[in-house]
Structures are given as C-alpha cells and as structure tokens.
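Note that the numbering runs from 1 along the sequence shown for the chain. The analysis underlying the following values was restricted to heavy atoms, covering all of them including side chains, and did not include hydrogens, waters or symmetry mates. Note that the structure is predicted; figures quoted are calculated from it, not measured.
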Amino acid sequence: MSFAGVKSFRYCVLEMCGRFTLKSPSRIRLERFNRANLPPLFPRYNIAPSQSVLGIVNHGGEFEGRLLKWGLVPSRSTDAKGFINARAETITEKLSFSESFQRRRCLIPADGFYEWQRTGEIAQPYFFQKRDESPFAFAGIWDEWKGEETIVSCAIITTRANELLAPIHDRMPVILRSDAQEVWLNGDTESAKELLTPFPASEMTSHAVGYEVNHTKIDDESLLTPVEPNLGVTRRLF
C-alpha cells in the first residue's frame with residue numbers, strides 16, 4: 001500500500017511518541033494473526049509520521065495484519081490532516097478519536113521508540129526499549145478516510161510518563177503486555193480503557209543516541225548506538 005500520491009496529507013503532533021523501531025519483525029507473535037495480505041517486512045530503525053506501519057486489526061473476529069499510514073485521518077475530516085498520537089485521558093471525549101476507540105482499535109508492533117529531551121531549542125534524542133529487547137505492541141486506533149483517494153491510517157495512544165521517561169518527557173506511548181493485546185483488540189471499551197496506563201519503568205531501559213535519528217532518510221542500526229548526552233549543542237528536532 002502506497003500513500004505517495006496523497007499530496008495534501010499533513011500530520012499534527014499532539015503528544016510525542018514521534019519515532020519508533022521494528023528491528024525484529026520476524027519475532028512478532030500473536031495467536032490468530034493473519035499475515036496473508038502483508039508484503040515482506042524488513043527491519044526498520046526510524047519509523048516516522050506519514051510512513052506506512054504494521055497494524056493488527058480485528059476484522060470480523062480475525063486478527064489481521066495491515067499496512068496503515070501513521071497519522072490518523074478521522075473519517076469525518078474534511079481534509080487529510082493526520083494525528084500521530086491520541087491522549088488516553090480524553091480518548092472517549094475527542095470526536096476525532098472516540099469512534100475509533102469504540103470500534104477500531106489496533107495493535108502497532110514495535111520493539112523500541114525515541115523521545116527527545118528538550119531545553120529551549122536543544123533536543124537530545126533517547127532510545128527506549130524493554131530490558132530484554134523483545135517486541136511489544138503500542139495501543140492504537142485506526143480509521144478510513146475517503147477523499148482524493150482512500151487513506152487507512154492510525155494513531156498511537158499516549159499516557160503519562162513512567163519514572164524512566166519522566167526526566168525526558170512527560171508523556172509516553174501506551175505499551176500493551178502480551179496478555180492484554182487480545183483484550184485491546186476484542187474487549188469492551190471499559191476493559192480497553194483500563195489498559196491505558198504507563199508501562200513499568202523497572203522493565204525498560206534507555207540510552208542517548210545521536211542526532212542522525214532526526215533525519216527520516218537515515219534508517220539503519222547505527223541509529224541505536226549509545227552516545228553521551230550533549231545538551232550544549234543546538235539541533236533541530238526534525
């Protein structure tokens with residue numbers, strides 16, 4: 001699925017997570033996950049807004065893998081403005097997200113994500129992952145917008161930061177444990193909303209990385225190399 005022809009697409013950053021990784025797509029495991037309609041998946045180290053991402057949706061009771069555009073365009077929108085994140089605390093109240101939360105929840109597989117510590121115009125990137133480096137899934141929502149062409153898109157839900165992230169940023173993506181993933185896809189809204197909590201800091205690790213991650217065209221393993229934080233040099237975030 002390609003979105004290159006949608007020239008009018010814009011995205012809005014409500015809450016960071018703004019980049020993530022899926023460096024080991026072959027390790028994704030989910031019971032009844034249908035991969036039949038997916039192209040080959042390759043390691044990715046710098047997944048950015050407006051790009052295609054792997055999503056797992058509930059399609060008629062079957063969990064199906066799809067490529068989704070990262071930047072949710074609500075079906076009610078008058079233009080192709082995408083939201084990359086949705087705030088957990090207000091997801092049932094915001095018209096842009098509430099219907100998708102009720103009817104179109106998805107998993108977005110990942111194995112790490114980036115966040116930036118900002119001091120004025122200075123932004124030092126950090127990489128976060130589980131201590132065992134295993135894959136996980138972000139809680140996501142998706143929708144289908146029809147305009148010049150159809151856009152099937154998604155957003156990652158964010159919540160308050162845990163103790164590991166808090167010194168870097170006040171928000172973090174919702175990470176679902178493996179035993180919560182089917183509840184997210186198939187459960188009622190009350191059960192799903194109870195899952196929108198910070199992942200335990202004790203089960204995560206992080207390190208500073210270089211400013212090369214700011215450039216979306218760079219997508220290789222070198223982005224994960226640990227560096228000493230350098231908040232004395234000004235860099236643009238994107």
Side-chain angles (χ1 to χ4, degrees), residues 1-3 17 20-22 24-42 44 47 51-77 80 82-111 113 130 134-147 149-159 173-199:
M1 184 182 296
S2 172
F3 301 96
C17 170
F20 67 95
T21 64
L22 185 56
S24 303
S26 62
R27 296 179 65 188
I28 299 170
R29 296 289 183 269
L30 183 68
E31 186 179 0
R32 296 187 289 121
F33 169 25
N34 183 354
R35 295 172 165 82
N37 296 321
L38 287 175
L41 300 175
F42 300 96
R44 299 179 67 185
I47 301 172
Q51 294 180 355
S52 296
V53 303
L54 172 62
I56 300 172
V57 306
N58 185 343
H59 181 67
E62 181 179 49
F63 299 156
E64 178 181 288
R66 296 183 180 180
L67 291 184
L68 307 172
K69 189 181 188 73
W70 185 16
L72 183 82
V73 183
S75 56
R76 63 175 65 239
S77 291
F83 299 89
I84 70 169
N85 300 134
R87 193 178 177 93
E89 294 85 345
T90 56
I91 196 161
T92 59
E93 303 166 12
K94 299 286 187 180
L95 291 178
S96 297
F97 309 128
S98 59
E99 184 181 355
S100 287
F101 173 67
Q102 293 172 22
R103 301 181 182 181
R104 292 181 292 275
R105 298 190 292 270
C106 65
L107 302 173
I108 301 174
D111 43 32
F113 63 94
K130 292 176 65 176
S134 62
F136 50 81
F138 295 131
I141 54 176
W142 68 279
D143 208 340
E144 182 174 309
W145 179 84
K146 295 184 178 181
E149 61 181 275
T150 299
I151 301 176
V152 185
S153 57
C154 65
I156 295 171
I157 301 175
T158 68
T159 186
V174 174
I175 296 172
L176 298 173
R177 295 184 180 278
S178 56
D179 59 359
Q181 293 173 5
E182 187 162 343
V183 176
W184 179 253
L185 288 178
N186 209 27
D188 59 64
T189 54
E190 287 302 314
S191 298
K193 194 168 184 180
E194 290 177 0
L195 302 175
L196 302 180
T197 58
F199 196 79

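Using a distance-only test at 3.5 Å, with no hydrogens or angles considered, a donor-acceptor pair links the side chain of S100 to the main chain of W142.
Every residue two or more places apart in sequence or in another chain was checked for a salt bridge (charged side-chain N to carboxylate O under 4.0 Å, His left out) with R44, and none qualifies. For R27, the salt bridge (charged side-chain N to carboxylate O under 4.0 Å, His left out) criterion is met by no residue, not counting sequence neighbours. In this view, D188 and E190, S191 satisfy the side-chain contact (heavy atoms from CB on, under 4.5 Å) rule, not counting sequence neighbours. Looking at residues two or more places apart in sequence or on another chain, you find a side-chain hydrogen bond (donor to acceptor under 3.5 Å, both in side chains) between K130 and S134. Residues that satisfy the side-chain contact (heavy atoms from CB on, under 4.5 Å) test with A88, not counting sequence neighbours, are I157, T159, L196. Among residues two or more places apart in sequence or in another chain, the ring pair (Phe, Tyr, Trp, His ring centres under 6.0 Å) test is passed with F199 by none. With sequence neighbours left out, the salt bridge (charged side-chain N to carboxylate O under 4.0 Å, His left out) criterion links E194 to no other residue.
Scanning both residues, A155 and L72, for their nearest heavy atoms gives CB-CB, 3.7 Å. Scanning both residues, I141 and C106, for their nearest heavy atoms gives N-SG, 3.7 Å.
Looking at N58 and R105, their side chains never come closer than 4.5 Å, going by heavy atoms from C-beta outward.
Geometrically, R104 does not engage F101 in a cation-pi contact, judged by NZ or CZ lying under 6.0 Å from the ring centre and within 45° of the ring axis.
Of the listed residues (L41, L38, D111, L54), just one forms a side chain to side chain contact (heavy atoms under 4.5 Å, CB included) with P25, and that residue is L41.
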- Full working for ring pair (Phe, Tyr, Trp, His ring centres under 6.0 Å) between W70 and F20: CA-CA 11 Å; W70 185 16; F20 67 95; 5.1 Å; yes
